[in-house]
Amino acid sequence: MLTNDLSSSAVNLADVYTALFQAMPGNSILVRNDPPLFTIIAATPDYLKNSGYAGRPLVGMGVFEAFPANSSDPKHKGDLHLFQSFMQVVETNEVDIMPLQRYDLMQSDGSFTKKIWRASNRPVLSVEGQVAYIIHTAEDITTQLSESEQDIRDMVARAPIGICVLDAATQIGLIANDSFLEIAGRSLDEIVGNWYWDTFSDARPFYEEALNRVIENGVTFRATEVEVPLRRNGVLEMVPVTFVYEPLKNAVGKVTKVAVWVVDNSTQAQARKAISDSESMFRTMAEGTPVLIAVADETGNATYFNKAWTELTGRAMQDFLQRGWADLIHSEDRSRFVNGYLKSLAEKGPFREEFRMQCKEGGYRWLLAYGTPRFDEQGAFRGHISAGTDITDQKLFQQQLTTALEQVRLSKEAAALGTFDMDLKVGGLIWDERCRILFGISHNNPVQYETDFVNGLHPDDRERITTVINDLLSGTTPGGDYDVEYRTIGAEDGIQRWVRAKGKVYFNEQGEAVRFIGSVLDITEKMMAIQEIERLVEARTQELAEAYQKLQSTNKELQRSNQSLEEFAHAASHDLKEPVRKIIFYTNLLKDQLKDQLQDREVQSFARIENATLRMRNLIDDLLLYSHVTERPPDFDSVDLNQKVRNVLEAV
């Protein structure tokens, strides 16, 4: 779609025709002009019912595929006559009212049921004036067919198209069915028993001569989609109709009656108008949408661009039509896009490409282009219609999402996390590779809740964990949050592992659990470390208990020793004080006896003896007091060290 020509077949109208036929009364199908298939593209509800295809697909099948010939009775050639009628319509662009035909219907068991049909084939022309489709109308008259006049009247009355039978000699109306009366806008009394041209005086100047020739020459006259003046309820209208003057001959070939077959073509006229309107609508929608719309022919030359192209690129529409837009594609994407487009052109198939295109501001925008192949009514390839949308924001988001997912993946790998996802509606359980490792599973086959998860739990943890999960799924545990630690026993390797699992259960509007997702973390090393610490703590506690027992024993021994020491101190204090008292006593006695004879030096010697004995006594008291120092709180007091030094010097 790199250069440019808008085809008249740019819009596929199959949906329009399907809608029209679903609303139409009668027994009709719309057939595509694609011989020898003549594919059915629409059918009225009555036709589906009467042809045995009610509730079965008919659209998309070829006419002769859907209604095969009765091979068991080859003398009846209804399929050949129908094909010839189709081809006559294609070649003449005119309606063909077929004679009564036998065309048997095949039943579900392969047998055939005899059927007699009254059928007509009317062309639907394209804007170029060629037959694009054929409207095939068929009425099953098997049960109505009779040689009697009454049967003929009944047949005419039930015909899906307008029928009036005239007497050839007088041109007086003999029979007219309701369809004819409706199209003509007349009552039965106005036609039956009256001269034909009295009833249709407005059309007489145009078609009286044709009717006369039919009576004289016995040759059918056809008028396809002509506007006939018809006076309805006193108002003259120009009604588009297709009608036939069909001569009815007796055994010797004389025209005795003329059957006037009339079909109101208002629906076809409306359909053609719908085609024209849809072409206009396509352009209106294309010009009003921000989507980049382009049309290319079967050679790849673009024939149409909508306004969105100019608004995005700033390039004038005439420039697009002259030199296309391949130069606007980013150089890194150009070769890939062009090759992809040429491939789809050669294969006459769709294409889808993402690429960057330069915009009028000078930068590039990411576009996603879809190309749909177009085919005409004969199935010939007519090119592509492409639609391009700006996906720059989606691309940016995709890049951000990819980055985020990669970060999550790396974080997950770094943390050695496994994930699980349980669809509670269908019972599916999904484990990633890490989760499988934690349960000792090496295969990638589907996993099951009971077989792989429950059986993989350590027997001592199984009841506890399944109870937690059951409470979560039943809604007993509020919030649906899941946070547990448990042990697994590897299904294949038998290794015991410690796992911490966190997750959440999600509920629908009815309060039913529908999804259970979460992650699992291998905490084996942590639990082993905790167990080792607990073992060391227990061992250390035992050691401390034993040490405490020893300390208690030592304390008891120390108390006993202290008691003995105290007793000894008391005894020693008493025994040591006794000589000191005697020294003091006898020294004082001797000093008193010799006091008149003592010299100063001798008096000082006695003083020193007294001081020494007093210090000795004080020392014994202090030792006794020191032996009780641990039995009372400390008693601090100020000490004059100068005095202590002087006392030492005096004792020297």
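The minimum heavy-atom distance linking A387 with V291 is given by the pair CB-CG1, 3.8 Å. Contact record, D109 with S111: OD1-OG, 2.6 Å, taken as the closest heavy-atom pair. In terms of heavy atoms, Q358 sits closest to G362 at NE2-O, 3.6 Å. Between F351 and S344, the shortest heavy-atom distance links the atoms CD2-OG, 3.4 Å. When all heavy atoms of R374 and V295 are compared, the pair lying nearest together is NH2-CG1, 3.8 Å. Of all heavy-atom pairs spanning L345 and D297, the tightest one is CD1-O, 4.3 Å.
Residues that satisfy the ring pair (Phe, Tyr, Trp, His ring centres under 6.0 Å) test with Y486, not counting sequence neighbours, are absent from this structure. By the salt bridge (charged side-chain N to carboxylate O under 4.0 Å, His left out) test, D333 pairs with R336, R356, sequence neighbours left out. Under the side chain to side chain contact (heavy atoms under 4.5 Å, CB included) criterion, P35 pairs with N33, F38, M87, sequence neighbours left out. Residues that satisfy the side chain to side chain contact (heavy atoms under 4.5 Å, CB included) test with L80, not counting sequence neighbours, are K77, Q84. In this view, H81 and Q101 satisfy the side-chain hydrogen bond (donor to acceptor under 3.5 Å, both in side chains) rule, not counting sequence neighbours. Under the salt bridge (charged side-chain N to carboxylate O under 4.0 Å, His left out) criterion, E347 pairs with K343, sequence neighbours left out. M357 is linked by a side chain to side chain contact (heavy atoms under 4.5 Å, CB included) to L292, W309, L312, T313, W325, L328, F355, L367, counting only residues two or more places apart in sequence or in another chain. Shown here are the ring pair (Phe, Tyr, Trp, His ring centres under 6.0 Å) partners of F21, two or more places apart in sequence or in another chain: there are none. Evaluation of the salt bridge (charged side-chain N to carboxylate O under 4.0 Å, His left out) rule for D471 yields no partner, not counting sequence neighbours.
A 4.5 Å side-chain heavy-atom check between P373 and P350 finds at least one atom pair inside the cut-off. Residues S28 and T44 form a side-chain contact, since some pair of their non-hydrogen atoms from C-beta on lies under 4.5 Å apart. Looking at L125 and E225, their side chains never come closer than 4.5 Å, going by heavy atoms from C-beta outward. Side-chain atoms of Y103 and K115, non-hydrogen and from C-beta on, never get closer than 4.5 Å to each other. P36 places none of its side-chain heavy atoms less than 4.5 Å from the side chain of F64. Using a 4.5 Å cut-off on side-chain heavy atoms (C-beta onward), V241 and I183 make contact. Counting heavy atoms from C-beta on, the side chains of I469 and M422 never come closer than 4.5 Å. With contacts defined as side-chain heavy-atom distances shorter than 4.5 Å, the pair D522/R434 qualifies.
Side chains of T224 and T242: no donor on one and acceptor on the other come within 3.5 Å. For the residue pair D140 and N50, no side-chain donor N or O sits within less than 3.5 Å of a side-chain acceptor on the partner. If you check the side chains of R497 and T488, you find no donor sitting under 3.5 Å from an acceptor.
Note: I293 CD1 to S386 OG = 7.0 Å, rounded to the nearest 0.5 Å. Q130 CD to E128 CD: the interatomic distance, rounded to the nearest 0.5 Å, is 6.5 Å. Interatomic distance, R32 CZ to D376 CG, rounded to the nearest 0.5 Å: 9.5 Å. W117 contributes atom CH2, which lies 9.5 Å from atom CD of E139 (distance to the nearest 0.5 angstrom). Summarising the geometry, atom CG belonging to L424 is positioned 9.5 Å from atom CG belonging to L429; distances are rounded to the nearest 0.5 Å. Rounded to the nearest 0.5 Å, atoms OG1 (T113) and CG (L105) are 7.0 Å apart.
H384 has its ring centre less than 6.0 Å from the ring centre of F381. Between Y47 and Y53, the gap from one ring centroid to the other reaches at least 6.0 Å.
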| After noting the C-alpha distance and the side-chain angles of E353 and I329, does the key distance pass the side-chain contact (heavy atoms from CB on, under 4.5 Å) rule? | CA-CA 12 Å; E353 294 291 343; I329 301 176; over 6 Å; no
| query | side-chain contact (heavy atoms from CB on, under 4.5 Å) between H136 and L82: does it pass, once the steps are laid out? | reply | CA-CA 10 Å; H136 173 66; L82 180 58; 3.5 Å; yes
| message | Run L457 and F453 through side-chain contact (heavy atoms from CB on, under 4.5 Å) and show every step you take. | response | CA-CA 7 Å; L457 295 173; F453 174 72; 4.1 Å; yes
| task | Decide side-chain contact (heavy atoms from CB on, under 4.5 Å) for R122 and N265; before the verdict, give the C-alpha distance in whole Å, the side-chain angles of both, and the deciding distance to 0.1 Å. | result | CA-CA 9 Å; R122 302 187 299 279; N265 296 129; 4.3 Å; yes
| request: Apply ring-ring contact (aromatic ring centres under 6.0 Å, His included) to F516 and Y482, showing your working. | output: CA-CA 9 Å; F516 183 22; Y482 176 63; 5.2 Å; yes
| message | Run K504 and D481 through salt bridge (charged side-chain N to carboxylate O under 4.0 Å, His left out) and show every step you take. | response | CA-CA 5 Å; K504 190 172 184 65; D481 293 323; 3.1 Å; yes
| message | Is there a salt bridge (charged side-chain N to carboxylate O under 4.0 Å, His left out) between R500 and D483? Walk through the geometry before answering. | response | CA-CA 7 Å; R500 181 177 183 183; D483 189 350; 2.9 Å; yes
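Between the side chain of R436 and the main chain of G418, no donor-acceptor pair closer than 3.5 Å is present. With hydrogens and angles ignored, the 3.5 Å screen pairs no side-chain donor or acceptor of N508 with any backbone N or O of V514. Under the 3.5 Å distance criterion, the side-chain polar atoms of R222 are left unmatched by any main-chain donor or acceptor of D96.
Screening residues 46-66 for salt bridge (Lys or Arg N to Asp or Glu O under 4.0 Å), with sequence neighbours left out, gives no hits. Applying the salt bridge (Lys or Arg N to Asp or Glu O under 4.0 Å) definition to pairs two or more places apart or across chains, those involving residues 509-520 are D421-R515, K425-E512.
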Using atom types as modelled, flag every donor-acceptor pair under 3.5 Å from a side chain in residues 438-450 to any protein atom, sequence neighbours excluded.
residue: S442; atom: OG; partner: E492; partner atom: OE1; Å: 2.6
residue: S442; atom: OG; partner: E492; partner atom: OE2; Å: 3.4
residue: H443; atom: ND1; partner: N445; partner atom: N; Å: 3.0

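The number of heavy atoms from other shown groups lying within 6.0 Å of CD (E525) does not exceed 12. Other residues, nucleotides and ligands contribute only 12 or fewer heavy atoms inside 6.0 Å of the NZ atom of K502.
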